[in-house]
*Asks:* 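Please see the structure below; I have some questions.
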There are 2 protein chains.
Amino acid sequence: MTLHTGHKSSGTVGKALSVLDQVASFERPVRFNDVLADSPFPKATLYRILQNLVTEDLLTFDRKWQTYALGVRLVRLAHSAWKQSSLAPVARPHLTSLSEKTGETIHLAQLDGPHVLYLDKRDAKRRVTMFSEAGKVGPAYCTGVGKAMLAFLPEDELQRILPQQSYHRFTPSTLCSVQELTDELGQIRQHGFALDREDHEPGIICVAVPILSRTRQMMGAISITSTSARTSLGKLKKFVPDLQGAACDIAAAAEYWRFPDNQKTPEAMEI
Amino acid sequence: MTLHTGHKSSGTVGKALSVLDQVASFERPVRFNDVLADSPFPKATLYRILQNLVTEDLLTFDRKWQTYALGVRLVRLAHSAWKQSSLAPVARPHLTSLSEKTGETIHLAQLDGPHVLYLDKRDAKRRVTMFSEAGKVGPAYCTGVGKAMLAFLPEDELQRILPQQSYHRFTPSTLCSVQELTDELGQIRQHGFALDREDHEPGIICVAVPILSRTRQMMGAISITSTSARTSLGKLKKFVPDLQGAACDIAAAAEYWRFPDNQKTPEAMEI
DNA sequence: CCTTTCGGTTCCGAATAATGAAACAATTAT
DNA sequence: ATAATTGTTTCATTATTCGGAACCGAAAGG
């Protein structure tokens with residue numbers, strides 16, 4: 001049941017990375033044979049690749065139990081990636097203030113291929129166990145942030161991504177076909193915000209808005225999430241102006257962020 | 001001033017990763033020539049490596065500005081790495097309860113070569129999500145967690161790591177020589193906990209304990225950090241029993257975690 | 001005690017991918 | 001127009017990787 005994202009594993013590094021992904025997909029340290037079991041590579045090749053990954057510190061090898069696990073170098077790199085991502089660092093203060101203002105769970109997400117990647121999160125005062133955590137990947141077609149982002153994607157990209165959704169029915173209100181989803185995206189485009197009506201998890205509702213650049217390029221999305229027990233979609237909608245304000249601020253900050261000391265202004269570079 | 005960790009960049013993936021590191025070391029998106037400027041690789045080679053990294057989603061290329069930035073695949077992988085690291089996920093609840101009990105900042109760290117890698121953090125006031133602070137690298141010789149870990153390292157590993165410290169004098173109380181540090185490590189080994197007497201930052205003090213497996217293997221460290229304005233080392237020491245209790249629980253949980261459904265018990269595997 | 005199996009490691013000729021000097025293209029200064 | 005700067009492609013050469021098969025050591029089984 002491995003959710004392998006589309007590989008073009010062409011070069012040497014591609015093969016190495018596909019093995020790395022495979023090791024990651026087991027959610028515990030693995031022995032050589034575990035990974036060999038469903039590997040497209042022959043024994044010797046896999047062995048060498050694993051050794052390479054270990055010497056590169058992408059994997060660690062536990063000599064005692066003879067198991068491979070993901071290495072810390074990844075965490076280090078991801079820290080850089082997170083800081084370097086134009087969205088996450090500049091969005092931080094805005095998420096915090098949204099969190100303080102609303103007292104609910106706040107998410108920041110980007111698209112990662114056809115999926116949603118959560119970049120940051122603020123927990124509600126009263127904690128709720130939920131699927132998302134920073135760094136985690138989730139479905140796009142049935143989450144507030146996912147639908148908000150899809151709705152503002154250029155048509156060609158949307159058409160590439162739509163058929164890649166799994167359309168699994170998580171709850172009675174999940175949108176399970178391209179048609180249903182497309183209709184909803186139209187609504188969202190019209191209203192400027194997306195709702196999660198327990199599409200993904202029963203009892204979990206949310207309102208989300210896209211983060212759009214000045215040129216209407218979709219950069220990501222933010223959302224306020226709560227439970228149907230504590231509040232209602234009607235009440236959540238009251239926060240839409242706050243969300244849109246924050247999204248706007250984040251977009252502006254992110255665009256400025258690329259040119260902190262650059263002679264060229266963003267305006268000067270538009271096409 | 002790039003803090004390049006020792007590469008043996010041997011294979012093809014090694015070269016690719018060294019380029020990735022280089023891109024990461026700039027803390028903003030970079031143009032081709034920026035990275036070519038101090039690259040050991042010739043133009044064409046570097047070009048191809050960058051292209052590979054982009055097709056592998058480790059880098060993203062912004063066509064408009066012609067810049068490379070770290071890709072989201074890293075964040076995804078790091079999420080897996082973080083979850084898979086035996087320490088971070090099992091430590092989470094313990095850090096939270098320490099945080100609630102003490103009201104101070106809590107750190108969880110591991111050794112990453114000669115440096116300290118922070119895996120998780122709790123701040124008294126607001127919760128912090130993982131990549132904002134976790135993933136950061138710091139010095140070992142002048143932080144509480146660093147010294148706590150060094151003190152319980154096997155002699156041969158310690159000897160390899162000691163000369164790799166920078167011994168920069170951050171404050172008047174920084175330990176600036178192998179001799180001073182070695183003496184301190186002896187003390188720490190004796191007492192079972194380490195103190196940061198404003199070694200790294202003026203006004204910042206902390207008490208740290210190592211996380212030791214049943215076989216006395218050093219797995220990481222946790223610490224309680226505060227300011228000399230708000231409290232004192234004397235008062236912080238009162239928390240040592242709590243810290244040690246938590247460290248012990250974390251170690252037990254981490255060891256158990258490897259064998260959730262395994263026929264072999266940890267006991268059966270000791271040497 | 002010998003044999004087989006199993007998990008892991010090493011060999012080495014063949015197959016493949018990486019290399020990098022140099023040419024080329026596309027902008028941007030002079 | 002000319003030069004310079006930046007980014008991209010080509011291609012014969014070179015270095016790596018591939019992977020079937022053999023090998024090793026420990027445990028299971030006869």
Side-chain angles (χ1 to χ4, degrees), chain A residues 7-23 26 28-56 58-69 258-259 262-265 267-271, chain B residues 7-23 26 28-56 58-69 258-259 262-265 267-271:
Chain A
H7 300 158
K8 321 102 198 183
S9 70
S10 42
T12 310
V13 298
K15 290 166 197 167
L17 281 173
S18 77
V19 172
L20 191 63
D21 270 345
Q22 208 197 327
V23 172
F26 292 77
R28 63 185 73 260
V30 281
R31 301 172 67 104
F32 180 84
N33 256 28
D34 300 333
V35 36
L36 178 63
D38 60 335
S39 176
F41 302 108
K43 220 204 255 195
T45 303
L46 180 66
Y47 180 72
R48 214 164 2 78
I49 292 178
L50 283 172
Q51 271 196 163
N52 276 345
L53 290 173
V54 168
T55 64
E56 296 303 337
L58 294 179
L59 288 180
T60 57
F61 181 67
D62 186 317
R63 188 171 298 269
K64 191 166 163 193
W65 284 292
Q66 312 221 118
T67 56
Y68 296 88
R258 304 192 88 121
F259 316 93
N262 205 331
Q263 57 280 47
K264 303 181 182 178
T265 72
E267 282 79 3
M269 306 203 71
E270 307 215 11
I271 299 297
Chain B
H7 298 158
K8 321 103 198 184
S9 74
S10 41
T12 308
V13 297
K15 290 167 198 166
L17 282 173
S18 76
V19 171
L20 191 64
D21 270 346
Q22 208 197 327
V23 172
F26 292 76
R28 62 184 71 261
V30 281
R31 302 172 63 106
F32 180 82
N33 255 28
D34 299 334
V35 37
L36 178 63
D38 60 335
S39 177
F41 303 107
K43 219 205 266 195
T45 303
L46 180 66
Y47 182 72
R48 215 163 2 77
I49 292 178
L50 283 171
Q51 273 196 161
N52 277 343
L53 289 173
V54 169
T55 65
E56 296 304 334
L58 294 180
L59 288 180
T60 57
F61 181 66
D62 187 319
R63 188 172 298 270
K64 191 165 164 193
W65 285 291
Q66 311 220 118
T67 56
Y68 295 89
R258 304 192 88 122
F259 316 92
N262 206 330
Q263 58 280 43
K264 301 182 183 179
T265 73
E267 283 80 3
M269 307 202 71
E270 305 214 13
I271 299 296

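Computed from a prediction, not measured in an experiment: that's the story for all the values here.
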*Asks:* Starting at the 5' end of DNA chain C, which residue's closest nucleotide do you reach first, Val13(A) or Phe32(A)?
*Replies:* Phe32(A)
*Asks:* What verdict does the side chain to side chain contact (heavy atoms under 4.5 Å, CB included) test give for Gln66(A) and Phe61(A), after you've listed the backbone C-alpha separation in whole Å, the side-chain angles of each residue and the deciding distance to 0.1 Å?
*Replies:* CA-CA 7 Å; Gln66(A) 312 221 118; Phe61(A) 181 67; 4.0 Å; yes
*Asks:* Can you tell me the distance, in whole Å, between the CZ atom of Arg31(B) and the P atom of dT27(C)?
*Replies:* 13 Å
*Asks:* Using the test side chain to side chain contact (heavy atoms under 4.5 Å, CB included), find all partners of Val35(A) that sit at least two apart in sequence or belong to another chain.
*Replies:* Gln22(A), Leu46(A), Leu50(A)
*Asks:* Can you tell me how far the CG atom of Asn52(A) sits from the OG1 atom of Thr12(A), to the nearest 0.5 Å?
*Replies:* 9.5 Å
*Asks:* Using a 4.0 Å cut-off to any heavy atom of chain A, which nucleotides of DNA chain D are the first and last in contact, reading 5' to 3'?
*Replies:* dT17(D) to dG20(D)
*Asks:* Rounded to the nearest 0.5 Å, what separation is found between the OG atom of Ser39(A) and the NZ atom of Lys15(A)?
*Replies:* 12.0 Å
*Asks:* Atom pairs, N/O to N/O, protein against nucleotides 4-6 of chain C, distance under 3.5 Å?
*Replies:*
none

*Asks:* How many whole angstroms separate atom CG of Leu36(A) from atom C1' of dG7(C)?
*Replies:* 10 Å
*Asks:* Go through the structure and list residues passing side chain to side chain contact (heavy atoms under 4.5 Å, CB included) with Asn33(A), not counting sequence neighbours.
*Replies:* Leu36(A)
*Asks:* So Val23(B) and Leu53(B), do their side chains get closer than 4.5 Å, heavy atoms only?
*Replies:* no
*Asks:* Which protein N or O atoms sit under 3.5 Å from an N or O of nucleotides 19-22 of chain C?
*Replies:*
| residue | atom | partner | partner atom | Å |
| --- | --- | --- | --- | --- |
| dT19(C) | OP1 | Lys15(B) | NZ | 3.3 |
| dT19(C) | OP2 | Arg48(B) | NH1 | 3.4 |
| dG20(C) | OP2 | Thr45(B) | OG1 | 3.4 |

*Asks:* Can you tell me which residue among Ile49(A), Thr67(A), Val54(A) is in a side-chain contact (heavy atoms from CB on, under 4.5 Å) with Leu59(A)?
*Replies:* Val54(A)
*Asks:* Tell me every residue that passes side chain to side chain donor-acceptor pair (under 3.5 Å) with Gln51(A), counting only those two or more places apart in sequence or in another chain.
*Replies:* Tyr47(A)
*Asks:* Report the distance from atom CG of Asn52(A) to atom C1' of dT9(C), rounded to the nearest whole Å.
*Replies:* 15 Å
*Asks:* How many angstroms lie between atom CZ of Phe26(A) and atom CG of Asp34(A), to the nearest 0.5 angstrom?
*Replies:* 5.5 Å
